[in-house]
Protein chains: 2
Amino acid sequence: MATIYEVSKLAGVSLATVSRVINKNSRVSDKTRQKVLAAMSELGYRPNSIAQSLASNRSNSVGILVSELHGPFFGQMMAGIESELRAAGKHVIITTGHSEEDKEKDGVEFLISRNCDAIILHVEAVSDEYIIELSKGKTPIYLMSRLVEGLEEQCISLNNELGGYLATNSIIQQGHSAIAYIAGPQFKADSQDRLAGHKRALAENNIAFSDTLYFEGDFKETGGRDGLKYFLSSKQTFSALICANDEMASGAITFAREQGFSLPKNLSIIGFDNIIFAQHTYPKLTTIDNPVNLMGHMAAKLVLKNIYQQKNISITHSFEPTLITRDSVVFNS
Amino acid sequence: MATIYEVSKLAGVSLATVSRVINKNSRVSDKTRQKVLAAMSELGYRPNSIAQSLASNRSNSVGILVSELHGPFFGQMMAGIESELRAAGKHVIITTGHSEEDKEKDGVEFLISRNCDAIILHVEAVSDEYIIELSKGKTPIYLMSRLVEGLEEQCISLNNELGGYLATNSIIQQGHSAIAYIAGPQFKADSQDRLAGHKRALAENNIAFSDTLYFEGDFKETGGRDGLKYFLSSKQTFSALICANDEMASGAITFAREQGFSLPKNLSIIGFDNIIFAQHTYPKLTTIDNPVNLMGHMAAKLVLKNIYQQKNISITHSFEPTLITRDSVVFNS
DNA sequence: TTGTACGCGTTATCAG
DNA sequence: CTGATAACGCGTACAA
């Protein structure tokens, strides 16, 4: 509520001097600094970051755009970014895109118009061209879980194709050949890549991909439920089920048991992402680890290095998923 | 990048006129409006919301402070608030407090300094006095899951005491009398209230509260695990376990099975919150519904009504938890 | 080391 | 209906 002007008056110095003690960079004599500090605390002065931002064209805050605010995946991602940035004294402004092109663009413009020093995006509906165009603007752009050609240096991504391959391959190594697959929404690049990896593993093992053992889910619990229901109603036989994320795997597990399956004996199930709850399904979920929290940290480090000039930070742009073996996949005898 | 000034030049009108067409309220002739609109799109003009905010003292955005960005509880809360506000064209600025006093205050000041039209707080470490002091400032304050005396009109809260009572009472009604309790961190009011409800139910049924069947957990999976481990190592006998939230219940379920328990036969377990994954534990978790998503919507409605003058909105300040009966609690014979 | 004065991009209050 | 012009709160050359 109090302004820099009132502080300067009370301290008997000029506006500029007050500004100088706020931005600890330029030199002020110790005596006047004390006077100013005293005046500030007496007035309960707090810098107006809006005005600071307008005047300096910086904001000490980075924007984050995620698809959703709920769900273990985005939660881990946001937490990773935020904790890294917060430790460096930077704030985070979060908004959402809901996987819809209009909302994603709206969110991006909001963040840009708020003068964020950089923005970290997890966008799914928007085109590569849009992103490339965006990256030419004055606000630096960084991308999570997405690899855009020409912007490799600004991307932190996971090799989803490899993850998909690992999942299917591990299932095949366990003696399964009749394998059902519940994919994620195919407009999402992650989902496509995971499916591609699945198909590669099948091909390498001379197993034909079957349309009737394929279902496109929604990445939520209901997707796993609906997918399994679909496979069962179409009288397919299969000994293993691959779900493109853990939420769908959870849904499938629950539905399978409702249908009288004994797990994992009757059906092996594998997920993807390794969300915390994957340790608490029954049987404990075998899955592919997606180090999304780590990737969040890395994205934050990337902006600390590039935007806030922090040195001695080494960046990993590309992450590799790994197989987490638990109890939900067994040998098919 | 383009400013209102360039637009006015290109359109051949004054700054003020451009500002008028941006803020659709005051009247501009159709002809000049078209000229301005054309100029805006030709230049790709986007209002700088920082400058708007500085000049108008409004920001069309509301601040949210939560303890953590991850976890099903906060996810649902943020999602509820955001979706309601977004539908009304308002943006949301989210930051965190990590349940630490300093960080909570820092977060609050960040939001205030960003000129939020209102802020919605889920604070746990900060005192009632601080909040009351805060509420005297120029930025309107609203509170989630916390009831502060004197600020009832700005609070959206859950009757946690009742929830705690319901949980324990339902367990008792199932014939249990040796009941272990894993509480949440006791510096959190929610945890205290849930525990108080537990004790009331015990007292009403003439069951003594036993210190040796009490453990203070951390509201995470490990809390459930650690709590159960503690009870088992201390050779207590009990037929039911109450966990102050679902994460701890999940951890307890997993650990119980690792220890060879057959659930729910050997041990009945009840949780609190009814997070989505409570439907996917095995056995499916009996729990207390905490309508946190709804409460988020309601908090958003409250600011829409009070701050953005939306009419015909009816507000519920106080929510009641309900028992969700699933499979993890059985009759003690 | 300190002060003056201008600019950041808009809104808002006046006149006209 | 439209146009000057003063705020908004602060950063930052430039001068002193």
Side-chain angles (χ1 to χ4, degrees), chain A residues 1-37 39-40 43-61 109-117 137-139, chain B residues 1-37 39-40 43-61 109-117 137-139:
Chain A
M1 213 60 189
T3 75
I4 199 177
Y5 175 71
E6 305 174 43
V7 173
S8 76
K9 228 171 36 181
L10 182 64
V13 298
S14 76
L15 290 181
T17 303
V18 177
S19 176
R20 285 187 186 101
V21 351
I22 294 172
N23 309 289
K24 317 169 192 306
N25 34 16
S26 55
R27 308 222 158 287
V28 181
S29 82
D30 230 41
K31 224 176 61 186
T32 57
R33 178 192 311 283
Q34 294 312 327
K35 280 195 303 190
V36 172
L37 255 26
M40 294 204 314
L43 294 172
Y45 170 77
R46 294 290 152 197
N48 179 323
S49 56
I50 292 290
Q52 287 181 317
S53 181
L54 184 61
S56 69
N57 222 358
R58 285 178 282 99
S59 65
N60 265 317
S61 61
E109 289 189 353
F110 172 73
L111 294 175
I112 291 178
S113 79
R114 300 291 302 188
N115 252 2
C116 292
D117 297 334
K138 80 162 205 258
T139 305
Chain B
M1 214 59 189
T3 76
I4 200 178
Y5 175 71
E6 306 175 41
V7 173
S8 76
K9 226 170 38 179
L10 182 64
V13 298
S14 74
L15 290 182
T17 303
V18 178
S19 176
R20 285 187 185 101
V21 349
I22 294 172
N23 309 288
K24 316 171 192 309
N25 34 15
S26 57
R27 308 224 157 282
V28 181
S29 82
D30 232 41
K31 226 176 57 187
T32 57
R33 178 192 311 284
Q34 294 312 326
K35 278 195 305 190
V36 173
L37 256 25
M40 293 203 316
L43 293 172
Y45 169 78
R46 295 290 152 196
N48 178 323
S49 56
I50 293 290
Q52 287 182 315
S53 181
L54 182 62
S56 69
N57 220 3
R58 283 178 283 99
S59 65
N60 266 316
S61 61
E109 289 189 354
F110 172 73
L111 294 174
I112 291 178
S113 78
R114 300 245 55 169
N115 253 3
C116 292
D117 297 334
K138 80 161 206 262
T139 306

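Proteins get letters first, then strands, A, B, ... in listed order; numbering begins at 1 in each.
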- [ ] Look at B/Tyr45 and C/dT10 and indicate whether a side-chain polar atom (N or O) is within less than 4.0 Å of OP1 or OP2.
- [x] yes

TODO: Pull out every residue in residues 47-56 of chain B that has a heavy atom closer than 4.0 Å to any atom of DNA chain C, ordered by number, or say none.
DONE: B/Pro47, B/Asn48, B/Ala51, B/Gln52, B/Ala55, B/Ser56

Task: B/Arg114 side chain to B/Ser61 side chain, donor-acceptor N/O pair below 3.5 angstrom - done: no

Open item on the list: For A/Asn60, is there any backbone N or O sitting under 3.5 Å from a side-chain donor or acceptor partner on A/Asp117?
Closed with: yes

Task: d(CG, B/Leu15; C1', D/dT5) in whole Å - done: 10 Å

- [ ] Can you tell me the distance, in whole Å, between the CZ atom of A/Arg114 and the P atom of C/dC8?
- [x] 20 Å

Open item on the list: Between the opening five pairs and the closing five pairs of the helix from C/dT1-D/dA16 to C/dG16-D/dC1, how far apart are the helix axes, to 10°?
Closed with: 30°

TODO: Output yes when at least one side-chain N/O atom of A/Ser29 is less than 4.0 Å from OP1 or OP2 of C/dT2, else no.
DONE: yes

Task: Euclidean distance, atom NZ of residue A/Lys9 to atom C1' of C/dT2 [Å, nearest integer] - done: 20 Å

Task: Main-chain N/O of B/Asn115 paired to B/Ser59 side chain as donor or acceptor, under 3.5 Å - done: yes

- [ ] Have a look at B/Val18 and say if it touches a base, only the backbone sugar-phosphate, or nothing, with a 4.0 Å heavy-atom cut-off.
- [x] nothing

Open item on the list: Looking at B/Arg46, I'd like to know whether one of its side-chain N or O atoms comes within less than 4.0 Å of OP1 or OP2 on C/dT10.
Closed with: no

Task: Atom-pair distance (CD1 on B/Ile4; P on D/dA4), nearest Å - done: 14 Å

TODO: Ignoring hydrogens and angles, state whether a donor on the side chain of A/Ser49 or B/Ser113 is under 3.5 Å from an acceptor on the partner side chain.
DONE: yes

Open item on the list: Can you see if the side chain of A/Ser14 gets near the phosphate of C/dG3 - specifically, an N or O under 4.0 Å from OP1 or OP2?
Closed with: yes

Open item on the list: Heavy atoms only, 4.0 Å cut-off, all strands: where does A/Arg33 land among base, sugar-phosphate and nothing?
Closed with: nothing

Task: Shortest non-hydrogen contact from A/Val21 toward A/Val28 - done: N-CG2, 4.4 Å

Open item on the list: For A/Glu6, give me all partners under salt bridge (charged side-chain N to carboxylate O under 4.0 Å, His left out), at least two apart in sequence or on another chain.
Closed with: none

Open item on the list: What's A/Asn57 touching, base or sugar-phosphate or nothing? Going by heavy atoms closer than 4.0 Å.
Closed with: nothing

Task: Non-hydrogen atoms of B/Ile22 and B/Tyr45 that approach each other most closely - done: CD1-OH, 3.5 Å

Task: Spacing between B/Arg27 atom CZ and D/dT2 atom P, to the nearest angstrom - done: 12 Å

Open item on the list: Please check this pair: side chain of B/Ser53 against backbone of B/Arg58, looking for a donor-acceptor N/O pair closer than 3.5 Å.
Closed with: yes

Open item on the list: With a 3.5 Å distance limit and no angle check, can you tell me whether B/Thr17 reaches the backbone of B/Val13 through a side-chain donor-acceptor pair?
Closed with: no

Task: A/Asn60 CG to D/dG11 C1', straight-line distance once rounded to whole Å - done: 13 Å

Task: Length of the CG-P vector between A/Asn115 and C/dT10, whole Å - done: 11 Å

Task: Atom-to-atom span, NZ of A/Lys35 to P of C/dT1 - whole angstrom - done: 15 Å

Open item on the list: Below the 4.0 Å mark, does D/dG11 have OP1 or OP2 next to a side-chain nitrogen or oxygen of A/Ser19?
Closed with: yes

- [ ] Kindly say whether A/Leu15 contributes a backbone atom to a donor-acceptor pair with the side chain of A/Ser19 at under 3.5 angstrom?
- [x] no

Task: No-H, no-angle donor-acceptor pair, A/Arg20 side chain to C/dG3 base, under 3.5 Å - done: yes

